[in-house]
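I have placed the structure first, in the form of structure tokens, so that the comments after it can refer back to it.
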Amino acid sequence: MTPEQRAVLNEIRVDQMLANTQQWVAINSGTRNLSGLAKMAHLLAESFSTLPGTLTLIDPEPAEIVTATGTVEPLNHGQHLHLRVRPDASIQLLFTGHMDTVYGADHPFQSARWNEDGTLNGPGAADMKGGLAVMLAALQAVETSPAATRIGYEAVINSDEETGSFSSRDLIAKAAAGKLAALTYEPALPDGTLAGARGGTGNFSMVVRGRSAHAGRNPEDGRNAVVAAADLAVRLAGIASPALSVNPARVEGGGPNNVVPDLAILRVNFRPRSLEAIAAAQEAIEGVVQTVRELHGVEIDAHGSFNRLPKPVDPAAERLLHLVRETGTLLGLDIRWQATGGVCDGNNIAACGVAVVDTMGVRGGAIHSAEEFLIPESLYERAALSALSILRIAEQGCL
């Protein structure tokens with residue numbers, strides 16, 4: 001490690017990272033809590049404005065939701081933070097994170113506390129407010145290096161990652177254009193293991209419309225939407241394969257016991273492991289929907305898409321992972337990676353053809369639960385890993 005690189009690492013302030021994390025965790029910013037997201041966005045804008053460049057809070061792109069009544073309505077989201085620094089520099093990188101959590105405004109998990117083992121338990125502590133603190137600290141440290149003049153970058157912190165990034169996906173795609181590499185600040189596993197390959201995901205709402213009738217007097221005149229939705233769920237589950245997981249998650253609809261129900265909505269999630277699996281799934285979905293239509297005499301409208309494509313470890317991604325691992329060795333860290341079934345904005349970035357390591361955030365665990373925790377010593381460790389990786393990418397100029 002060069003003296004210049006060591007000087008950059010000396011600029012990392014653990015106390016500030018911890019203070020930022022604790023302040024941000026105290027704000028409920030569940031994806032649907034627009035007031036909490038607005039507060040979080042302005043605090044992040046204040047913190048990230050210490051970096052050079054142009055910072056903007058971007059209004060969300062239009063998004064829709066299928067309601068329990070089967071109608072399609074607009075869905076509001078919070079603003080997204082976008083920072084652009086030195087767009088004419090020779091090296092262009094992308095950094096992404098999210099300000100939203102899975103904990104709604106009425107969720108009982110609202111504040112942080114210290115666990116007996118020294119970890120910080122709090123909503124979003126690992127996923128990913130601690131990661132945002134790491135991103136900020138790493139970029140602030142890099143800005144103290146003479147090499148910073150050769151590094152341009154965009155940072156995107158969206159407000160809807162936890163629900164699919166529907167209102168920010170175009171913003172991410174535009175920011176990814178022309179970038180040499182990207183780092184995303186999802187949490188690593190407690191032992192520091194990174195995510196390598198990821199599967200994809202698709203979420204669908206199947207609106208089934210039948211015909212109501214009296215359940216005792218003339219049930220044969222009805223078309224039971226709940227029964228059709230149940231049949232649809234079973235048949236869709238049957239198309240699962242080693243390359244495709246299928247989870248029929250919820251059926252909504254129905255009514256009084258003496259009325260044949262004329263409306264049901266099936267919510268189903270698909271997890272493809274390859275692009276070929278997506279193509280096969282789409283064909284199978286169409287076939288199943290048509291079969292159920294004909295058997296039950298109902299109408300079915302399928303809403304949704306495969307919104308995050310699988311993220312394989314291609315040659316460029318493998319080179320970036322190896323660079324991060326080599327950087328970790330310089331810091332005394334044993335960096336490994338493994339495939340995971342989870343998805344994140346790393347999938348969206350990889351789909352743009354940009355190499356990405358998407359678990360550069362803190363070490364932690366039990367995410368999406370009230371036991372979520374952050375390992376505090378990982379704040380410096382991961383900020384150092386990120387800052388030094390950025391400098392080494394710039395030094396090499398390629399992957």
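Using modelled atom types, one finds a donor on one side chain and an acceptor on the other under 3.5 Å when comparing R325 with H322. Side-chain contact annotation: S159 with H77, donor-acceptor N/O pair under 3.5 Å absent. When only modelled atom types and interatomic distance are considered, H368 and E162 share a side-chain donor-acceptor pair under 3.5 Å. Counting only N and O atoms by type, the side chains of S165 and N158 include a donor and acceptor under 3.5 Å apart. Between the side chains of K129 and T101, not a single donor N or O lies within less than 3.5 Å of an accepting N or O. Side chain to side chain, S145 and E4 fail the donor-acceptor criterion of an N or O pair below 3.5 Å.
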Do Q290 and E286 pass the side chain to side chain donor-acceptor pair (under 3.5 Å) test, and can you show the C-alpha distance, the side-chain angles, and the key distance before you say yes or no?
-> CA-CA 6 Å; Q290 187 58 34; E286 291 175 5; over 6 Å; no
Run the numbers on S35 and N33 for side chain to side chain donor-acceptor pair (under 3.5 Å), then give the verdict.
-> CA-CA 6 Å; S35 61; N33 182 4; 3.1 Å; yes
N121 and N115: CA distance, side-chain angles, deciding distance, side chain to side chain donor-acceptor pair (under 3.5 Å) verdict | CA-CA 6 Å; N121 165 240; N115 291 325; 5.2 Å; no
After noting the C-alpha distance and the side-chain angles of N203 and N269, does the key distance pass the side chain to side chain donor-acceptor pair (under 3.5 Å) rule?
-> CA-CA 5 Å; N203 289 295; N269 174 254; 2.8 Å; yes
Given S168 and V156, is the side chain to side chain contact (heavy atoms under 4.5 Å, CB included) satisfied, shown in steps?
-> CA-CA 9 Å; S168 59; V156 174; 5.7 Å; no
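Checked against salt bridge (Lys or Arg N to Asp or Glu O under 4.0 Å), R235 has the following partners two or more places apart in sequence or in another chain: D231. Residues passing the salt bridge (Lys or Arg N to Asp or Glu O under 4.0 Å) test with R211: none are found, sequence neighbours excluded. The salt bridge (Lys or Arg N to Asp or Glu O under 4.0 Å) check on D127 picks up nothing, with sequence neighbours excluded. For E326, the salt bridge (Lys or Arg N to Asp or Glu O under 4.0 Å) partners at least two apart in sequence or on another chain are R392. T21 meets the side chain to side chain donor-acceptor pair (under 3.5 Å) test with no other residue; sequence neighbours excluded.
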Using residues 179-191 as the side-chain source, report each donor-acceptor pair under 3.5 Å to any protein atom, sequence neighbours left out, with the distance given to one decimal.
from, atom 1, to, atom 2, distance (Å)
K179, NZ, E154, OE2, 2.8
K179, NZ, A175, O, 2.7
T184, OG1, T96, OG1, 2.6
Y185, OH, S386, OG, 2.5
E186, OE2, H98, NE2, 3.3
D191, OD1, T193, N, 3.0
D191, OD1, T193, OG1, 2.8
D191, OD2, T193, OG1, 3.2

Anything under 3.5 Å between a donor and an acceptor, one on a side chain of residues 36-49, the other on a protein residue two or more places apart or in another chain? List them.
from, atom 1, to, atom 2, distance (Å)
H42, ND1, A38, O, 2.8
S47, OG, L43, O, 3.3
S49, OG, A45, O, 3.3
S49, OG, E46, O, 2.7

Identify every side-chain donor-acceptor pair in residues 248-264 under 3.5 Å, counting partners at least two apart or on other chains, and give the distances.
from, atom 1, to, atom 2, distance (Å)
E252, OE2, R267, NE, 2.5
E252, OE2, R267, NH2, 2.9

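Heavy atoms of other residues, nucleotides or ligands lying less than 6.0 angstrom from CZ of R293 number more than 12. Heavy atoms of other residues, nucleotides or ligands lying less than 6.0 angstrom from CD of E283 number 12 at most. Annotation: E299, atom CD; neighbour count of heavy atoms from other residues, nucleotides and ligands within 6.0 Å does not exceed 12.
Within the 4.5 Å cutoff, side-chain heavy atoms of M206 are placed close to those of L236. Taking the side chain as every heavy atom from C-beta outward, V25 and S111 never approach each other to under 4.5 Å. Considering only heavy atoms from C-beta on, D334 stays 4.5 Å or farther from T329 through its side chain. With a 4.5 Å cut-off on side-chain heavy atoms, V8 and L388 do not count as touching.
The line from OG1 of T119 to CZ of R363 is 11.5 Å long, rounded to the nearest 0.5 Å. The line from CD of E372 to CZ of F109 is 6.0 Å long, rounded to the nearest 0.5 Å.
Sorted by first and then second residue, the side chain to side chain donor-acceptor pair (under 3.5 Å) pairs with a member in residues 347-358 read R198-D358, R308-N348, K311-D358; sequence neighbours excluded. Among residue pairs with one or both ends in residues 130-145, those qualifying as salt bridge (charged side-chain N to carboxylate O under 4.0 Å, His left out) are R86-E143; sequence neighbours excluded. Screening residues 3-25 for ring pair (Phe, Tyr, Trp, His ring centres under 6.0 Å) gives no qualifying pairs among residues at least two apart or on separate chains.
Side chain of Q23 to main chain of N20: no donor-acceptor pair is present (N/O by atom type, distance under 3.5 Å, no hydrogens or angles).
Residue V343 is found outside any hydrophobic cluster, as its side-chain heavy atoms come under 4.5 Å of no other Ile, Leu, Val, Met, Phe, Trp or Tyr.
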